[in-house]
Structures are given as C-alpha cells and as structure tokens.
2 protein chains.
Amino acid sequence: MILVRTAARPAPRPRAVVVEPGRAVEQCLHCDARKHSVCNAIPALDLDRLATTAVSMNVESGRAFIREGDPAEHFFNVTAGCAKLFKLLPDGRRQITGFAGVGTFLGLAVSATYAFSAEALEPMKVCRFSRAKLRALLDDFPAMEQRLLEVASNELVAAQEQMLLLGRKTARERIASFLIARAALPSNCLASEPELAQVITLPMTRADIADYLGLTIETVSRSLTRFKAEGLIEIPAAGEIAIRDSAALTRMAAGAGP
Amino acid sequence: MILVRTAARPAPRPRAVVVEPGRAVEQCLHCDARKHSVCNAIPALDLDRLATTAVSMNVESGRAFIREGDPAEHFFNVTAGCAKLFKLLPDGRRQITGFAGVGTFLGLAVSATYAFSAEALEPMKVCRFSRAKLRALLDDFPAMEQRLLEVASNELVAAQEQMLLLGRKTARERIASFLIARAALPSNCLASEPELAQVITLPMTRADIADYLGLTIETVSRSLTRFKAEGLIEIPAAGEIAIRDSAALTRMAAGAGP
DNA sequence: CGTTGTGTTGATATTAATCAACAAGTGTGG
DNA sequence: CCACACTTGTTGATTAATATCAACACAACG
C-alpha cells in the first residue's frame with residue numbers, strides 16, 4: 001500500500017519507511033501495484049503499520065468478492081482488472097450501480113454490512129484493508145481521509161448523473177451516454193490527452209450493460225445495431241466498439257441530438 | 001455553526017469558544033439552528049474562525065439557491081425546511097436526485113461547478129460556508145472531515161438504492177419505496193422510536209415526486225389512487241398521506257409483494 | 001370572479017419489455 | 001475430430017407498462 005519511486009523492492013523489508021512529503025510515489029511497496037491512489041495522499045507512512053492493515057489479493061474472473069448484506073469487514077482498492085457492482089431484488093432483477101476499475105475504492109460505507117455486491121469481470125488484483133484497522137489508520141493520516149472524501153464526492157456526482165440517465169433518458173441516449181463515458185475513461189484514452197478514445201474495450205457483457213442502464217439485453221443489442229447502421233459506431237470485434245461520430249453520440253448522450 | 005448547550009446566546013460574543021470534547025452540543029452559536037450536524041463532530045472550535053466562514057441565510061420558498069453549472073463557491077448546511085435537488089436535460093426533462101431536509105450538506109463536490117440545482121420547497125434556513133475557507137477549516141478539524149466522509153458514504157448508499165429503484169422497479173414499487181422511505185424519516189416518525197410514521201407530510205408536489213421517481217405525474221396520481229382503493233393508504237389532506245398497511249407497502253417496496 | 005397551479009381521471013399512443021428463434025463461439029468429452 | 005451443451009449476441013413478432021394527450025375539478029389568489 002506504500003508507493004515510493006524505487007524501481008526494485010528492498011529485499012529485507014525495512015521496518016519503517018518514510019516517504020518525504022511532496023515526493024511522488026509510484027510503486028506500491030506492499031503489493032506490486034504501479035499506482036495506488038490511497039497512498040498518493042499520504043506523505044509519510046509507517047510500512048509495518050500498513051502491512052498489518054492491507055493485503056494484496058488476486059480475484060479470479062467471475063468471483064463475487066463482496067456480497068450485499070454480508071458484514072462489511074474489509075475495504076478494497078482495485079489495483080488491476082475491473083469488477084461490476086450491483087444490487088439485487090428478491091426476484092432476481094439486478095441493477096449494476098457501477099464498474100470498479102483500477103484505483104476504485106470499494107466498501108467505504110459506514111454501515112456494518114455491504115450495501116452492494118461486487119463480482120470480478122476479469123482476473124483482478126485488489127488491496128484489501130481491514131476496516132477496523134483502517135479507522136485507526138485514517139485517524140493518523142488525515143490526508144488519506146481527505147482523499148477518500150474527494151473520491152466519495154466524485155462518486156456522488158457520478159451517481160447523480162446516473163440517476164438522470166435512469167430516470168429520464170431514452171434507451172438510445174443511455175447507450176450513447178455509456179459509450180461516451182467509457183471513451184472518456186483514462187484507461188481507454190491516452191492519459192496525457194483529455195480527448196475521447198477512438199476504440200473502447202468493454203470487459204462486460206450485453207447483460208451487464210443492460211443491467212447498468214436499466215434496459216434489457218435486446219434493447220441494448222438493437223440500439224447498438226442501429227448506431228452501426230447510422231454510421232455512429234463500428235463493432236470490429238466482440239468486446240470492442242469503435243466510435244465513428246463522437247460528436248453525434250455526445251449530443252445524443254446530453255439529451256439533445258437525434 | 002457552533003453548538004453548545006447554553007440556551008441563550010452570550011450577548012457580547014466571546015472571542016473564542018472551546019466546547020469540551022464529549023460534551024453534547026445542541027444550540028448553534030453562529031446561526032440560531034437547534035441542531036447542527038457539522039458541529040457535532042467538532043470537539044473544540046474557534047468561534048471567530050467559524051464566524052468568518054459561515055453565514056446563516058433565509059431562503060424563500062421556490063428560490064433556486066444552487067444552480068447546476070455555476071461556480072461552486074459555497075457549501076451549505078440545511079438548518080430548516082426542505083429543498084429539492086435536481087438535474088435538467090436541455091429539453092427540460094428533469095430528474096430530482098434527492099430532497100435535502102434539516103442536517104443535509106449541499107455542495108460537497110470537488111468540482112469547480114455545482115453538479116445539480118437546489119430549490120427550496122418551503123421557506124428554508126441554511127448555513128452558508130465559503131468553500132475556499134472550508135478547506136482550511138477542514139485541515140484544522142480532521143473530525144469534521146471524518147463526519148463529512150460519513151455523510152458522503154451514506155449518501156452514496158442512498159444513491160445506489162435510488163439507482164436500483166429507477167433502473168429496475170415498477171411504478172407501484174417506486175411509489176411504495178418512496179412512501180416507506182418518507183415514513184422512516186426521523187422528522188416524520190418520533191426520533192426516539194425507530195418505527196415508521198403513521199402519517200407522513202409531503203412538502204413536494206406530484207410533479208416533484210414524479211421527477212424523483214422517474215415517472216409522470218399521471219402515473220404517480222393513479223398509483224396513489226389505486227393504493228387508496230386497495231386500502232394501503234389514505235389521503236386525509238393535500239400534502240399528507242396516512243399509511244394503513246405498512247407491511248404490504250414495505251413488501252412491495254422491496255420488490256416482493258403484489 | 002376570472003386566473004393559475006395542482007391533482008385526478010379517461011382515452012390513446014409509444015417505447016421498451018417479453019417471448020421466441022436462431023447464429024456464432026467456446027469448451028467438453030467421447 | 002466431431003457431436004453436444006452452453007453462453008452470448010442478434011433479430012423478429014407481439015405485448016404490456018407507462019407516457020402522452022385531453023378534459024375537468026378544486027383550491028388559492030389577486
């Protein structure tokens with residue numbers, strides 16, 4: 001969970017590592033993640049302290065590593081791969097509330113139980129924190145709490161945007177919004193440029209997209225087919241979509257276009 | 001923005017007031033709010049410091065005091081009344097993302113502009129903080145940051161629940177969920193008992209309910225009429241609903257019942 | 001006493017869901 | 001290597017839930 005600039009990990013782990021304030025941190029000393037948004041906020045860390053708090057874990061594809069209603073014992077930071085987060089109704093209806101890519105925090109909630117389930121879409125790596133110990137850690141590192149507040153605020157804004165989509169947008173507008181949002185994802189476009197990606201990778205199935213957008217798989221499929229016919233997108237391969245007319249899609253996503 | 005147990009405000013305001021840690025705080029020294037969730041988290045406060053940071057404001061009914069897209073200069077805490085929070089599409093479609101009652105924080109976002117608009121449903125009182133000064137205040141009082149993180153986490157859970165509602169619940173289930181959620185509100189049921197209120201007060205119109213639940217006013221009206229015919233509720237007066245069969249409504253809200 | 005905003009109810013339209021069939025890809029085991 | 005099951009995705013026909021359009025009742029208000 002600690003990031004320092006050193007490329008190689010020190011063989012016998014030092015008992016305490018202090019990263020100088022202001023110095024950029026890139027390589028997690030705890031797990032092998034390259035970039036670790038928790039730690040970027042923490043100028044000085046006690047390695048042993050963190051080592052007892054976090055463990056790096058591999059999660060196999062399809063594995064549900066958080067279950068709604070279970071006691072919320074852990075707190076996760078995604079370091080590789082992507083998960084879907086969802087809530088279920090008793091009869092099986094499902095709402096995917098988001099996809100958790102690299103850097104995402106999971107399980108922030110104050111509640112004693114998880115409010116949603118999380119299932120790996122592909123092989124993942126996560127850093128798992130004990131929530132009990134996390135509280136003590138946050139008390140020592142207010143900067144980390146500040147970072148978490150930022151993250152939570154941003155997620156809240158995204159959640160409100162999704163409510164607008166689910167409550168008021170048409171099927172076509174929802175798909176367009178989804179495509180544009182994916183294209184704007186830092187993992188899909190080059191990190192340096194703020195532009196949209198030309199080709200986006202979708203690690204989720206049509207069923208996942210449908211459950212994320214409050215539609216059925218048939219409606220998702222038909223909308224994509226129609227976008228293709230209209231020259232807005234191309235589908236070069238399964239799990240890939242090429243954006244051909246991002247302006248039109250952006251307009252549609254905003255609730256204006258055709 | 002400071003709460004101490006003293007009933008009367010000290011006439012010449014002391015230059016610095018320190019509230020002992022662990023001591024309950026009830027009366028805001030800054031504005032005249034009775035309970036102030038910001039301050040409950042802060043064991044020791046500098047009154048002058050806060051006084052330059054927050055001002056108490058009255059907001060008349062119908063006034064939009066936050067506008068989506070405007071520079072986010074302030075941060076609010078509702079101390080009386082209720083507001084609707086919403087986002088608009090260019091053609092006027094509206095999604096109400098929540099209702100902000102007493103104690104609610106508004107404008108937490110990291111972004112430079114507001115992500116939603118807020119309009120008073122009734123005469124309100126809010127405490128307005130300068131966001132620029134808030135940052136410095138939070139740095140001095142990590143406990144306040146912690147409190148905000150809790151609040152944001154809870155709101156995130158509520159937002160996910162609302163996504164489930166908007167994406168996957170039927171019109172009847174949405175209305176049932178709304179009624180049960182309002183009945184569970186501390187302001188509607190007695191604070192001491194965790195039970196549901198028998199009669200709930202709705203400060204919002206049918207149009208607001210519709211825009212909150214992703215429905216039309218007609219569907220809201222028809223659903224309520226049918227609930228009444230089925231003996232689940234009664235409508236003693238405009239803006240009031242009496243819950244007659246909370247068990248059935250709760251089941252329906254969960255996506256199980258009839 | 002008209003005007004306006006709000007809420008209800010009815011008739012009809014439309015979007016997206018449901019039901020159904022099938023194609024393509026993947027993995028399994030004989 | 002090839003049937004076989006199984007998953008995923010596409011497309012068509014039909015249905016159903018909810019939106020839309022329309023009329024009207026009622027209360028608040030100037």
Side-chain angles (χ1 to χ4, degrees), chain A residues 60-62 84 89 91-96 119 121-122 165-178 201-230 233-241 252 255 258, chain B residues 61-62 84 89 91-96 119 121-122 165-179 201-230 233-241 252 255 258:
Chain A
E60 60 186 324
S61 183
K84 56 186 173 195
L89 289 174
D91 62 0
R93 277 174 287 173
R94 187 178 67 159
Q95 179 65 38
I96 291 184
E119 185 181 319
L121 287 174
E122 53 192 6
L165 179 148
L166 291 170
R168 289 300 180 219
K169 288 187 185 176
T170 66
R172 276 163 69 81
E173 287 166 353
R174 294 181 203 201
I175 307 276
S177 301
F178 175 70
T201 309
L202 300 177
M204 68 291 284
T205 66
R206 296 284 187 271
D208 291 334
I209 300 173
D211 283 345
Y212 181 54
L213 301 177
L215 302 170
T216 59
I217 48 177
E218 293 94 332
T219 300
V220 171
S221 183
R222 275 188 254 268
S223 300
L224 288 174
T225 303
R226 207 173 137 200
F227 281 174
K228 200 165 57 176
E230 292 166 345
I233 62 167
E234 275 170 46
I235 307 183
E240 269 187 18
I241 289 183
M252 199 185 300
Chain B
S61 185
K84 56 185 172 194
L89 289 175
D91 62 359
R93 279 174 285 172
R94 187 178 66 159
Q95 179 64 39
I96 292 184
E119 186 181 319
L121 287 174
E122 52 192 7
L165 179 148
L166 292 169
R168 289 300 180 219
K169 289 188 186 176
T170 65
R172 277 165 67 82
E173 288 165 353
R174 293 182 202 200
I175 308 275
S177 300
F178 175 71
L179 294 178
T201 309
L202 300 177
M204 68 290 287
T205 67
R206 297 285 187 269
D208 291 333
I209 299 173
D211 282 345
Y212 180 54
L213 301 177
L215 301 170
T216 59
I217 48 177
E218 293 93 333
T219 300
V220 171
S221 182
R222 275 187 255 267
S223 300
L224 288 174
T225 303
R226 207 175 137 199
F227 281 173
K228 199 165 58 177
E230 293 166 345
I233 62 167
E234 274 170 48
I235 307 182
E240 269 187 19
I241 290 183
M252 198 185 301

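Labels below follow one simple rule: chain letters A, B, ... track the order of the sequence lines, proteins then strands, and each chain is numbered from 1. What you are looking at is a predicted structure, and each value in this text was computed from that prediction instead of being measured.
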How long is the line joining CG of Leu215(A) and P of dT18(D), in whole Å?
15 Å
Rounded to the Å, how far apart are Glu218(B) CD and dT6(C) C1'?
12 Å
To the nearest Å, how far apart are Asp208(B) CG and dG5(C) P?
15 Å
I want to confirm an ordering. Mapping Arg174(A) and Lys228(B) to their closest nucleotides on DNA chain C, which one lands closer to the 5' end?
Lys228(B)
Pair of N/O donor and acceptor under 3.5 Å linking dG12(D) base with Arg222(A) side chain
yes
In terms of side-chain heavy atoms of Arg206(A), which of dG10(C), dT11(D), dG9(D) is nearest?
dG9(D)
Does a side-chain heavy-atom distance below 4.5 Å link Ile241(B) with Glu234(B)?
no
Arg226(B) atom CZ is separated from dT8(C) atom P, nearest whole Å, by 16 Å
Spacing of Leu202(A) atom CG relative to dT8(D) atom P, expressed in whole Å
15 Å
On DNA chain D, compare the nucleotides closest to Arg168(A) and Ala207(A); which residue's is nearer the 5' end?
Ala207(A)
Backbone N or O of Ile217(B) within a donor-acceptor pair of the Ser221(B) side chain at under 3.5 Å?
no
Over how many whole Å does the gap from Ile209(B) atom CD1 to dG7(C) atom P extend?
8 Å
Reckon Gly239(A) touches a base, only the sugar-phosphate, or nothing at all at heavy-atom distances under 4.0 Å?
nothing
Interatomic distance, Leu224(A) CG vs dT10(D) P [rounded to whole Å]
7 Å
Given dA17(C), dT11(D), dT8(C), identify the nucleotide with an atom nearest to the side chain of Thr219(A).
dA17(C)
Select one nucleotide: of dA17(C), dT20(D), dT10(D), the one nearest the side-chain heavy atoms of Thr216(A).
dA17(C)
Interatomic distance where CG belongs to Leu213(B) and P belongs to dT18(D) [whole Å]:
12 Å
OP1 or OP2 of dT15(C) less than 4.0 angstrom from a side-chain nitrogen or oxygen of Thr170(A), does that happen here?
no
Is the shortest side-chain N to carboxylate O distance from Arg94(A) to Asp208(A) below 4.0 Å?
yes
Short N-O contact, Arg226(A) and Glu230(A), less than 4.0 angstrom
yes
Would you call Asp211(B)-Lys84(B) a salt bridge at under 4.0 Å N-O?
no
Pairwise 5' ranking along DNA chain C for Val220(B) and Ala171(A), keeping only the more 5' one
Val220(B)
